[in-house]
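Structure first, commentary second.
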Amino acid sequence: MLRAIFDLFTRRLRLSNPWNYKAPVLIALTYLVMLSGRFEWVDALIGFAFSLMTIIGIAGFGYLSNDLGDREADRKAGKPNLLLEISTFQILGILITFLVVAILPWIVYFPLDRLGISCLIAEFSLFILYVLPPFRLKERGLLGMVTDALYAHALPAFLAVITFLALAPKSELHTIKTLNSTLLLGSLIFWQFCLGLRNILLHQLKDAANDRRSGLRTYVTQAGEPRANRLLAQVFAPMELLSWLLFLGVLTSVTWLPIVAWPVYLVWRFPKQPHALDLRAWLYCYLDDFYIGWLPLVVLLALGLQDWHMFGLMLLHILLFKSAFSQTRNRLIALVFKIS
């Protein structure tokens, strides 16, 4: 029993996925607010620590609730699901633990207002609506993908930014507002929503065979892979690229470094890649690897130039998210073997 619970935390919940692929981007957004709000380095470190706590709590709750919702499908398909091995009482206890970890930062440190409360309620409500019957939006085609993009990307990004805006020193609040924060938030949500749509469609394409065996009715299993690939190539990928460029343009009101760094990154990466990149590999190489590995460092560089103490935060970020810098190497190796 104890071994099953240990496996649940270390393997089945796949907490390394949000840690490696989502947390660095969310943290980068808080760095942007720290930059525009001229945070003191001590406040920045405290905010950073509590941000990691809530990311772990929300991610754990989300992955656990997803496995909970898929228990019956996994049972029918004979797929492993550790939630089939522990009691309902134990599952409830773990859910409550993750929920407490997620909201504790707002209880002890983060400012909590109506907007923040609404975002938190919406986040956990979407988890439930997405995976649990009778709603089970996961199996409602495009509506399911929209829901996933909201709770996995757009809403957490919005919550991170408004939380750190509320933490900003009072002397800097007027300065932040003059940076047209409404336009910045709008472009951020648009970018994260488009990125979320792309990610969930790629995930469904990858899992299509398993989903059919399990009896899951995702958009891809209903529409078919050819149609899903056209949607990715003709709609979702162009939307993501457009939204990213828009966000970079609006971001110049805070710092010019990202809009300069991305083209430099493209020029540096392009000669290093195999020529036969498919769309998925292109998105990973030229967008994801920059979002995850380099955007946080670029913003931290700007922070360090503003206050040299922030270079300590950069070092801490590199130590905690060092796996993000191995993604480029691992994907390149995988592509070379695939092509050869």
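Taking 4.0 Å as the cut-off between side-chain N and carboxylate O, R269 and D289 count as a salt-bridged pair. Taking the charged nitrogens against the carboxylate oxygens, D288 and R198 do have a contact shorter than 4.0 Å, which makes a salt bridge. E225 has a carboxylate O that lies under 4.0 Å from a charged side-chain N of R212, or vice versa, which qualifies the two as a salt bridge.
Counting only distance, with no hydrogens or angles, the side chain of R140 and the backbone of F135 share a donor-acceptor pair below 3.5 Å. The backbone N or O of A281 lies less than 3.5 Å from a partner atom in the side chain of D278, making a donor-acceptor pair. No donor-acceptor pair under 3.5 Å is formed between the side chain of E240 and the backbone N or O of L195.
In this structure, the side chains of F311 and L301 come closer than 4.5 Å at one or more pairs of heavy atoms. Put simply, the side chain of I117 does not reach to within 4.5 Å of the side chain of D113, judged on heavy atoms. Within the 4.5 Å cutoff, the side chain of D43 has no heavy atoms near those of the L167 side chain. Looking at heavy atoms from C-beta onward, R280 lies in side-chain contact with L205 at the 4.5 angstrom threshold. Here the side chains of L188 and L29 are in contact, with some heavy-atom distance below 4.5 Å. Side chains of S51 and F164 form a contact here, defined as non-hydrogen atoms less than 4.5 Å apart. Between L184 and L251 the shortest side-chain heavy-atom distance falls below 4.5 Å. Between I46 and W41, the closest side-chain pair of non-hydrogen atoms is not below 4.5 Å.
No donor-acceptor contact under 3.5 angstrom links the side chains of H203 and N199, judged on distance only.
Taking the six-membered ring for Trp and thresholds of 30 and 60 degrees, W294 and W268 have ring planes more than 60 degrees apart, a perpendicular arrangement. Ring geometry for F247 against W191 counts as parallel: the plane angle stays under 30°, on a 0 to 90° scale with 60° as the upper cut. Ring orientation note: the planes of F61 and F127 are tilted relative to one another, at an angle of 30° to 60°.
The aromatic ring centres of Y21 and Y291 sit 6.0 Å or more apart. The distance between the ring centers of F50 and W106 does not fall below 6.0 angstrom. Aromatic rings of W282 and Y286 (six-membered ring for Trp) have centroids within the 6.0 Å cut-off, being under it.
Scanning both residues, G196 and H153, for their nearest heavy atoms gives CA-CD2, 3.3 Å. The two residues I162 and L159 make their nearest non-hydrogen contact at CG1-O, 3.4 Å. Considering every non-hydrogen atom in both P258 and F290, the closest pair reads O-CZ, 4.2 Å. When all heavy atoms of A44 and M310 are compared, the pair lying nearest together is CB-CE, 3.6 Å.
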